[in-house]
Amino acid sequence: MKDIEKLRVMLPHWIDHNQGHGGEFAQWAEKLADDSPEVVALLREAVQSLEKAQRSLEEALEKAGGPLEMPEGHDQKHHHSHS
């Protein structure tokens with residue numbers, strides 16, 4: 001499989017993953033709205049950054065040719081860190 005094809009498989013996952021984190025950050029910002037305005041501002045800034053990254057990932061997927069499903073029998077494992 002060519003690298004561009006691999007990317008077309010991975011980008012949809014990254015897009016979903018990124019979106020999930022943005023939602024979590026927004027939820028925490030709401031929870032802390034009355035307790036820590038500085039933290040809330042930073043979390044909201046992080047959400048905006050993720051939204052920008054989201055647009056870039058979606059455009060990259062479009063320019064790469066759209067999503068590509070992995071062929072039967074291929075392992076779809078991925079590696080990332082949440083440090």
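In what follows, every heavy atom counts, from backbone to side chain, and hydrogens, waters and symmetry copies are set aside. Position 1 is the first residue of the sequence, and the numbers go up from there.
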Nearest heavy-atom neighbours spanning Glu30 and Arg44: OE2-NH2, 3.2 Å
Distance-minimising heavy-atom pair for Ala64 and Arg8: O-CD, 3.1 Å
Phe25 and Leu42, any side-chain heavy atoms less than 4.5 Å apart: no
Same cluster (ILVMFWY, side-chain, under 4.5 Å), Val47 and Leu43: no
Nearest-0.5 Å distance that lies between atom CD in Gln19 and atom CG in Leu50: 10.5 Å
Rounded distance (nearest 0.5 Å) linking atom CD of Glu5 with atom CG of Leu7: 11.0 Å
Plane angle bin for His21 and His17 - parallel if under 30°, tilted between 30 and 60°, otherwise perpendicular: perpendicular
Joint hydrophobic cluster, Leu61 plus Met10, side-chain heavy atoms closer than 4.5 Å: yes
Cationic N near anionic O, under 4.0 Å, Lys63 to Glu58: no
Under 3.5 Å donor-acceptor, Ser49 side chain and Glu45 backbone: yes
Interatomic spacing from CG in Asn18 to CG in Leu11 - rounded to 0.5 Å: 11.0 Å
